[in-house]
Amino acid sequence: MNIYDHFYADGRFISVAEGRRHVVVNPASETACAEVALCGRGDVDAAIKSARRGFEAWRHSRLDEREAALRRLKAALEPRADEIAALLAVEMGCPVWLGGLMQMSMPLKGLDFAIEGLSQITWEERVGNGLVERVPGGVVAAITPWNFPVHQIVAKVAAAVAAGCSIVVKPSEVAPGAAWAFMQAVHEAGLAAGVVNLVWGDADVGEYLVTHAGVDRISFTGSTAVGQRIMASAAARLTPVTLELGGKSAAVLLDDADLAAAIPAAARMGLANSGQACVSQSLLLVPRPLRDEAIARFQQAAAGWVLGDPLDPATRLGPVATAAQHAHVNAMIARAQEQGAMCVMGGPTGLSRGYFVAPTLFSNVSPDMEIARREVFGPVVALMTYENEHEAADLANASGYGLSGAVWSGDPARAVSFARRLKTGQVVINGAAQNLATPFGGWGLSGFGRENGRFGIEDMLSFRSLHGAA
């Protein structure tokens, strides 16, 4: 069993002061697989003091020094891909095929785009008699989730390093192994002491971190409810916040969409990582005449998503990450049935061990049902029908979330026109490839602020105007 009992500050691993322990449970076997020593306030204080010292030095770094640091970090992280995929399979149930395909490829690309972003930013410009500068925002407190842990850590760390900031990361205690491997890479890369720091903790530690007087900016990825609490806490000191929160993303199939291509893609985007992704397309909106064909094609596509041991390369779908998440997803499935939705596939697995949830599809879903409005964060998709494009846009925008979405049409111009009606930070048109160089973030209940590439770096910067500067 892995024991994580050191935090990272001042460029070294430091023993956590004796305190509370969190036991990590393998969601496939329901057995303990790791233990995390939760940091006390003194440990957090030490990490923030380290970050302050790191910032005072790193804010003066040259762009070529920042680029070199990020390149060293990528070189140290890349060989750890298989190790991280195996840790994620054990600690949060992500199948190794997905760990290799997405859990590591995204952060490695993210580092590349942060490096490119350094040269894309206008660091200073003349405006009349003023010199306008973009300067590092300070010490960043970053709280990251368990579902795509390395990607989310890199999105914040790479931006902070590139911006000339320092950062204290509090990763989720649910999946600590990936964060630990990342910090090993940080240490191996020889980043300047105090620039990247890590503390372990639960909600109490997170609350102490984001309200700390030594923190200048906050970047949080997680649930909307927690994001709202962080924003309220940050208001006391007017600390700037970036919030990447939940989503209820809709895949809209227009009446000329190619269902043979669209439905398998929508199933993949609704089921991958057991639906535990903020951009999961958990709503499937189809024209009423295409309802039966869409259901049949979804059932056919989802039939290949077989539950199994996440360490088995043949397993397509692992368990959800925790007992609490398992209970939440099953409760939402039960309430959907109580409210009149029809479960056309999936539901309870009947398995006696593991937090498994079968690929589940509901039809006969109405806009007032919980399953149509609330984020499930499980492999559950709600199919809704519509009469016209106006109704489809209204249904897609009804939840109040606005993180992602998708539209399918045989006419690319029509697809783009419809995409512009969606109140969301990104729209995937006809299954287009993911582009991590573009800004990522939400509207409405999905938060605000942006990550990725130069946009993530800019989010860590502040403006300064020097009037009369030569």
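Bear in mind that the values here come from a model prediction, so they are computed numbers and not experimental data.
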message: On a heavy-atom basis, which atom in S366 and which in A372 lie closest, and how many Å separate them?
response: O-CB, 3.6 Å
field: Heavy-atom pair of closest approach, residues T424 and S404
entry: OG1-N, 2.8 Å
Residue pair N273 / M92, side-chain heavy-atom distance below 4.5 Å: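 Yes, at least one pair of side-chain atoms sits under 4.5 Å.
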message: Are the side chains of F448 and V241 in contact, using a 4.5 Å heavy-atom criterion?
response: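 Yes. Closest side-chain heavy atoms under 4.5 Å.
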query: Does Y8 have its ring centroid less than 6.0 Å away from the ring centroid of H187?
result: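 Between Y8 and H187, the centre distance is under 6.0 Å.
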query: Centroid-to-centroid, W146 to F377, below 6.0 Å?
result: yes
Show the atom names and distances, to 0.1 Å, of all donor-acceptor pairs under 3.5 Å that link a side chain in residues 296-308 to residues at least two apart or in another chain.
from	atom 1	to	atom 2	distance (Å)
R297	NE	E293	OE2	3.0
R297	NH2	E293	OE2	3.4
Q299	NE2	V344	O	3.1

field: The single option from T242, T239, L243 passing side chain to side chain contact (heavy atoms under 4.5 Å, CB included) against I218
entry: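 Between I218 and the candidates, side chain to side chain contact (heavy atoms under 4.5 Å, CB included) is satisfied uniquely by T239.
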Under 4.0 Å between a side-chain nitrogen and a carboxylate oxygen: does that hold for [X] and [Y]?
X	Y	answer
E30	R353	no
R20	D202	yes
E375	K248	no
R41	D204	no

query: Under the salt bridge (charged side-chain N to carboxylate O under 4.0 Å, His left out) criterion, do R80 and E188 qualify, and how do the steps go?
result: CA-CA 12 Å; R80 291 174 162 83; E188 180 182 310; 3.1 Å; yes
Side-chain donor-acceptor pairs under 3.5 Å in residues 154-171, sequence neighbours left out?
from	atom 1	to	atom 2	distance (Å)
K156	NZ	S219	OG	2.9
K156	NZ	T221	OG1	2.9
K156	NZ	E451	OE2	2.6
S166	OG	A51	O	2.7
K170	NZ	G201	O	2.9

